[in-house]
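The model shown is predicted, which means the values in this text are computed figures rather than measured ones. Below, read A as the first sequence line, B as the second, and so on, with proteins coming before strands; counting in each chain starts at 1. These values consider heavy atoms only, across backbone and side chains, with no hydrogens, waters or symmetry-generated copies.
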Number of protein chains: 2
Amino acid sequence: MPKLVANDIAAVLKKRISSGEWLEDGRMPPERDLAVEFGVARNTVRRAVGFLEDDGTVVRHVGRGTFLTATNPDSIAATVARMEGTSPADMMEIRQLLEPAAAAFAATNASMAELNAVREAHQTACEAEDMPNFEHWDAEFHHRVFACCRNDFLKEIHNLMRTIRNQSPWFEMKKRSFSEERRQTYCSEHQTILDALLHRDPESANQAMLAHLKTVERNLLGR
Amino acid sequence: MPKLVANDIAAVLKKRISSGEWLEDGRMPPERDLAVEFGVARNTVRRAVGFLEDDGTVVRHVGRGTFLTATNPDSIAATVARMEGTSPADMMEIRQLLEPAAAAFAATNASMAELNAVREAHQTACEAEDMPNFEHWDAEFHHRVFACCRNDFLKEIHNLMRTIRNQSPWFEMKKRSFSEERRQTYCSEHQTILDALLHRDPESANQAMLAHLKTVERNLLGR
DNA sequence: TTTATCTGATCCAATATTGAACCAATAATA
DNA sequence: TATTATTGGTTCAATATTGGATCAGATAAA
């Protein structure tokens with residue numbers, strides 16, 4: 001049904017490889033088997049595997065098979081690749097660890113200009129009409145809170161989480177869970193967080209952020 | 001009822017692009033599909049996409065499709081590159097956020113086999129003679145605590161931190177701060193953590209880990 | 001009216017996928 | 001050792017998908 005099947009298959013294969021599949025003997029299934037599995041012509045699989053070969057994740061030998069090139073599992077690249085498969089539940093758990101702390105840092109560390117940027121994102125999100133637009137400014141609100149805390153590493157971790165959450169399965173999930181009522185809930189919770197930041201109250205900011213994330217988790221995971 | 005014209009469609013498409021849609025493989029749906037989705041003639045979609053092409057947000061290839069030019073500005077690679085420069089102070093701050101939580105998770109979630117692995121790392125570290133050897137098993141102890149918590153994402157974050165801390169400036173720093181006395185302190189603190197884990201006591205595990213990290217921070221940063 | 005836009009349709013050109021056949025290198029087996 | 005089976009490499013023609021282009025008619029605004 002969809003076009004550019006080869007690209008999609010290449011993406012799926014990369015995902016599987018980075019999630020540790022075929023690691024025990026480092027050998028991928030024969031192209032003919034993959035073609036059957038994906039319900040696609042062998043030529044298409046060959047194209048897909050060709051992409052993997054081009055960027056060096058795999059080498060092919062006639063008569064022997066296709067083999068994963070040895071990759072150091074401790075490398076930063078490999079770690080990040082595994083992170084991309086993070087489940088929503090795991091992600092929400094970690095957000096509840098990090099974001100309240102970030103909000104508390106922000107309450108004590110943020111400059112007035114930075115807090116204004118947070119407020120601006122909040123207001124734009126409140127006025128957003130459609131879901132993608134709201135989604136964008138909602139993410140921007142959280143991002144700007146992190147931008148105020150003076151810990152660069154924390155900021156970068158949040159960047160990572162944000163990138164992961166921008167990928168398509170997440171997008172679909174957020175789309176399903178979106179409703180006008182929930183949008184208004186989020187806006188009022190953001191307001192509470194913003195107020196705490198403006199009052200320079202770390203404890204309140206922490207708690208407001210935690211409460212907000214619990215709401216998001218409930219809506220997103222349905223529990 | 002405003003009629004959907006090319007300009008409006010172009011605006012909607014831009015919004016959706018900036019909200020992260022189609023970012024995973026950078027490919028937009030075919031014009032024919034968009035026409036159906038918007039309930040509009042393909043010519044109109046073509047005009048709209050033409051606008052996007054004019055201001056460079058998109059490129060089109062006959063037979064292949066329409067592709068976003070703006071690859072994620074905050075690419076993962078750039079994020080990771082910035083992470084490598086993380087300062088010890090920032091890192092210790094985040095460790096104090098994450099590791100106590102990980103220890104608490106581990107207390108409730110770990111299997112007996114996993115706890116045995118933690119104990120083994122602890123004992124080997126205690127018996128280590130030289131600094132590099134101790135350092136290795138110390139890191140392994142913390143790593144195995146993370147391995148017990150059932151959150152893959154948290155585990156991978158720790159992998160990241162561990163990789164960063166293994167780089168040379170960090171190693172020099174740890175070498176300077178090392179002493180036999182401190183090694184014994186660490187061992188006894190590890191023992192406290194391990195005991196809490198074995199007693200399946202999340203709160204104690206949390207606090208023991210936090211206390212340990214504060215000791216490490218004091219020794220490493222000299223404050 | 002004039003102008004611009006949208007519609008619905010048709011055809012073209014570039015690229016992708018399919019399905020098949022056959023080759024060459026390697027592995028497994030008799 | 002000789003034979004057979006497996007596996008990647010190559011090529012080809014047919015079909016499908018996708019953007020490019022054009023045209024006649026309808027609709028709406030200046």
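- When each of A:Gly39 and B:Gly39 is assigned the nucleotide of DNA chain C with its nearest heavy atom, B:Gly39 is the one assigned upstream, toward the 5' end.
- Within the 4.0 Å cut-off from OP1 or OP2 of D:dG8, at least one side-chain nitrogen or oxygen of A:Thr66 is found.
- The listed nucleotides are D:dT7, C:dT7, C:dT5; the one nearest the side chain of A:Pro30 is D:dT7.
- No side-chain donor-acceptor contact under 3.5 Å links A:Thr57 to the backbone of A:Glu53.
- When the side-chain nitrogen and oxygen atoms of A:Thr44 are compared with OP1 and OP2 of C:dT18, one or more of them lie within a distance under 4.0 Å.
- In this entry the distance linking CZ of A:Arg27 with C1' of D:dG8 reads 11 Å, nearest Å.
- For A:Arg47 and D:dG9, the CZ to P distance is 15 Å, given to the nearest whole Å.
- The CD atom of B:Glu156 sits 11.5 Å away from atom CD1 of A:Ile94, with the distance rounded to the nearest 0.5 Å.
- For A:His142 and A:His158, the ring centers are positioned 6.0 Å apart or more.
- The distance from atom CZ of B:Phe38 to atom P of C:dT5 is 19 Å, rounded to the nearest whole Å.
- Out of C:dT7, D:dG9, C:dG19, the shortest distance to the side chain of A:Arg60 is found at D:dG9.
- Side-chain contact, A:Asp195 with A:Gln191: a donor N or O sits under 3.5 Å from an acceptor N or O.
- A donor-acceptor contact under 3.5 angstrom links the side chains of A:Gln184 and A:Glu180, judged on distance only.
- Atoms CZ (A:Arg46) and P (D:dT11) sit 11 Å apart, rounded to a whole Å.
- Figure legend: A:Arg176 and A:Phe178 shown without cation-pi pairing, the cationic atom not lying both under 6.0 angstrom from the six-membered ring centre and within 45 degrees of its axis.
- Taking atom CG on A:Leu34 and atom C1' on D:dT6, their separation rounds to 15 Å, with Å as the unit.
- Proximity of a side-chain donor or acceptor of B:Thr163 to a complementary backbone N or O of A:Ser75 within less than 3.5 Å is not detected.
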Polar atom pairs between nucleotides 20-28 of chain C and protein, under 3.5 Å, N or O only, would you list them?
| residue | atom | partner | partner atom | Å |
| --- | --- | --- | --- | --- |
| C:dA27 | OP1 | A:Arg64 | NE | 3.2 |

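- One can place CZ of A:Phe51 at 12 Å from C1' of C:dT17, the figure rounded to the nearest angstrom.
- Protein atom CG of A:Asp33 is 6 Å distant from nucleotide atom P of D:dT7, rounded to whole Å.
- Nearest nucleotide to the A:Glu31 side chain, out of C:dT7, D:dG9, D:dG19: D:dG9.
- Among the protein residues, B:Val49 comes within range of no part of the nucleic acid, since none of its heavy atoms lies under 4.0 Å from any strand.
- Taking atom CG on A:Asn7 and atom C1' on D:dT18, their separation rounds to 14 Å, with Å as the unit.
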